[in-house]
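To start, the structure itself, in structure tokens.
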Amino acid sequence: MTLQGRLVQLEPLTPEMIGALLEAATEPEGTSPFTLIPQDPDAMGTYVSSALRDQEAGRALAFAIRLVEHDRIVGSTRFLDLDYWQGPLAWPPGANRGPVGDVPDVAEIGSTWLAPSARRTGANHEAKLLMLGHAFDTWNVHRVTLKTDARNSRSRAAITRLGAHFEGVRRAHVRAVDGTVRDTAYFSIVRAEWPEIRQRLQNRLSLTP
């Protein structure tokens, strides 16, 4: 599926996008010590194929981020850890989820990176608005998780600006991009919080030229 916004279009990730993704990833000052951003054709090929394997298994849904004004790919993002709860739910009353596994009940948004030229343009905020809107308004999920390396102050600040709730730090969680053992900062948005956060993001984007 494609998610269309005013500033960005989120398109299904495909192997044909490897060259465009690599061009975006290798812009000057495009690397990050905390985020996996492949810097050569082989690494980008592995990155895309790994994302598509997770997608085939039903664990993820990966996108390329296209900047509408310039009609070029400027990064990538995805839904991760899609979880399908088993059996009917007693709460909320009247909830009709369809067959088990029809749509996820909870999701994570992550593996997001942007070329430096697309930062501070509103692209990240609109991408998050599109994905959160799909998760809560189409899938009707109960929760969206966002997480980042606890050392990544820029990412933590960006997630906080979305209005996500900081849940804490999971210590010694996974291996970090730099090879160290990573502490992970966890954030979440639950369904009851989504209308206020949607309005906040829409207001912010209305101020973006």
Within-4.5 Å side-chain heavy-atom neighbours: [X] and [Y]:
X: F187; Y: K147; answer: no
X: L130; Y: H134; answer: no
X: V144; Y: F136; answer: yes
X: F63; Y: S76; answer: no
X: L129; Y: Q202; answer: yes
X: R156; Y: I159; answer: no
X: Y186; Y: L146; answer: no
X: M131; Y: T77; answer: yes

Looking only at non-hydrogen atoms, find the nearest pair between [X] and [Y] and report the distance.
X: L21; Y: G75; value: CD2-O, 3.5 Å
X: R6; Y: L205; value: NH2-O, 2.8 Å
X: A164; Y: I197; value: N-CD1, 4.5 Å
X: P12; Y: M17; value: O-CE, 3.2 Å
X: P38; Y: A43; value: CB-C, 3.7 Å
X: A123; Y: L67; value: CB-CD1, 4.2 Å

Atom CD of E193: over 12 foreign heavy atoms under 6.0 Å: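 Enclosed.
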Tell me if a side-chain donor or acceptor on [X] pairs with a main-chain N or O of [Y] at a distance below 3.5 Å.
X: E126; Y: V8; value: yes
X: Q55; Y: A62; value: yes
X: R175; Y: R182; value: no
X: R204; Y: G122; value: no

So how far is it from [X] [atom1] to [Y] [atom2], rounded to the nearest 0.5 Å?
X: I189; Y: L132; atom1: CD1; atom2: CG; value: 4.5 Å
X: T121; Y: E69; atom1: OG1; atom2: CD; value: 9.0 Å
X: L82; Y: D54; atom1: CG; atom2: CG; value: 10.0 Å
X: E108; Y: F79; atom1: CD; atom2: CZ; value: 11.0 Å
X: M1; Y: L10; atom1: CE; atom2: CG; value: 8.5 Å
X: L114; Y: S32; atom1: CG; atom2: OG; value: 11.5 Å

Would you check, one step at a time, whether the test side-chain contact (heavy atoms from CB on, under 4.5 Å) holds for D178 with R151? CA-CA 12 Å; D178 61 5; R151 299 169 296 175; 3.1 Å; yes
Are [X] and [Y] joined in one hydrophobic group, where the rule is that I, L, V, M, F, W and Y side chains link up if heavy atoms are under 4.5 Å apart?
X: V48; Y: V177; answer: yes
X: L3; Y: W113; answer: no
X: W194; Y: F166; answer: yes
X: L36; Y: L52; answer: yes
X: W85; Y: V190; answer: no

Should R119 and R154 be marked as a side-chain contact (heavy atoms from CB on, under 4.5 Å) after you check the CA-CA gap, both sets of side-chain angles, and the distance that decides it? CA-CA 12 Å; R119 297 170 190 165; R154 185 171 69 180; 3.9 Å; yes
Using a strict cut-off of less than 4.0 Å between a Lys/Arg side-chain nitrogen and an Asp/Glu carboxylate oxygen, indicate whether [X] and [Y] qualify as a salt bridge.
X: D183; Y: R171; result: no
X: R72; Y: E27; result: yes
X: D105; Y: R143; result: no

For the residue pair R78 and Y47, would you count it as a cation-pi contact if the rule is NZ or CZ under 6.0 angstrom from the ring centre and within 45 degrees of the ring axis?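 Yes, a cation-pi geometry.
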Among T160, T112, T148, T35, find the one that has a side chain to side chain contact (heavy atoms under 4.5 Å, CB included) with S155.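 Single pass found, and it is T148.
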With sequence neighbours excluded, what pairs up with H165 under the side chain to side chain contact (heavy atoms under 4.5 Å, CB included) test?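 Applying side chain to side chain contact (heavy atoms under 4.5 Å, CB included) to H165 gives E167, S188.
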CA sep, side-chain torsions, deciding dist, call: L80, I109, side-chain contact (heavy atoms from CB on, under 4.5 Å): CA-CA 6 Å; L80 301 159; I109 294 175; over 6 Å; no
Verdict with reasoning, L22 to Q39, per side-chain contact (heavy atoms from CB on, under 4.5 Å): CA-CA 7 Å; L22 186 61; Q39 296 293 296; 5.6 Å; no
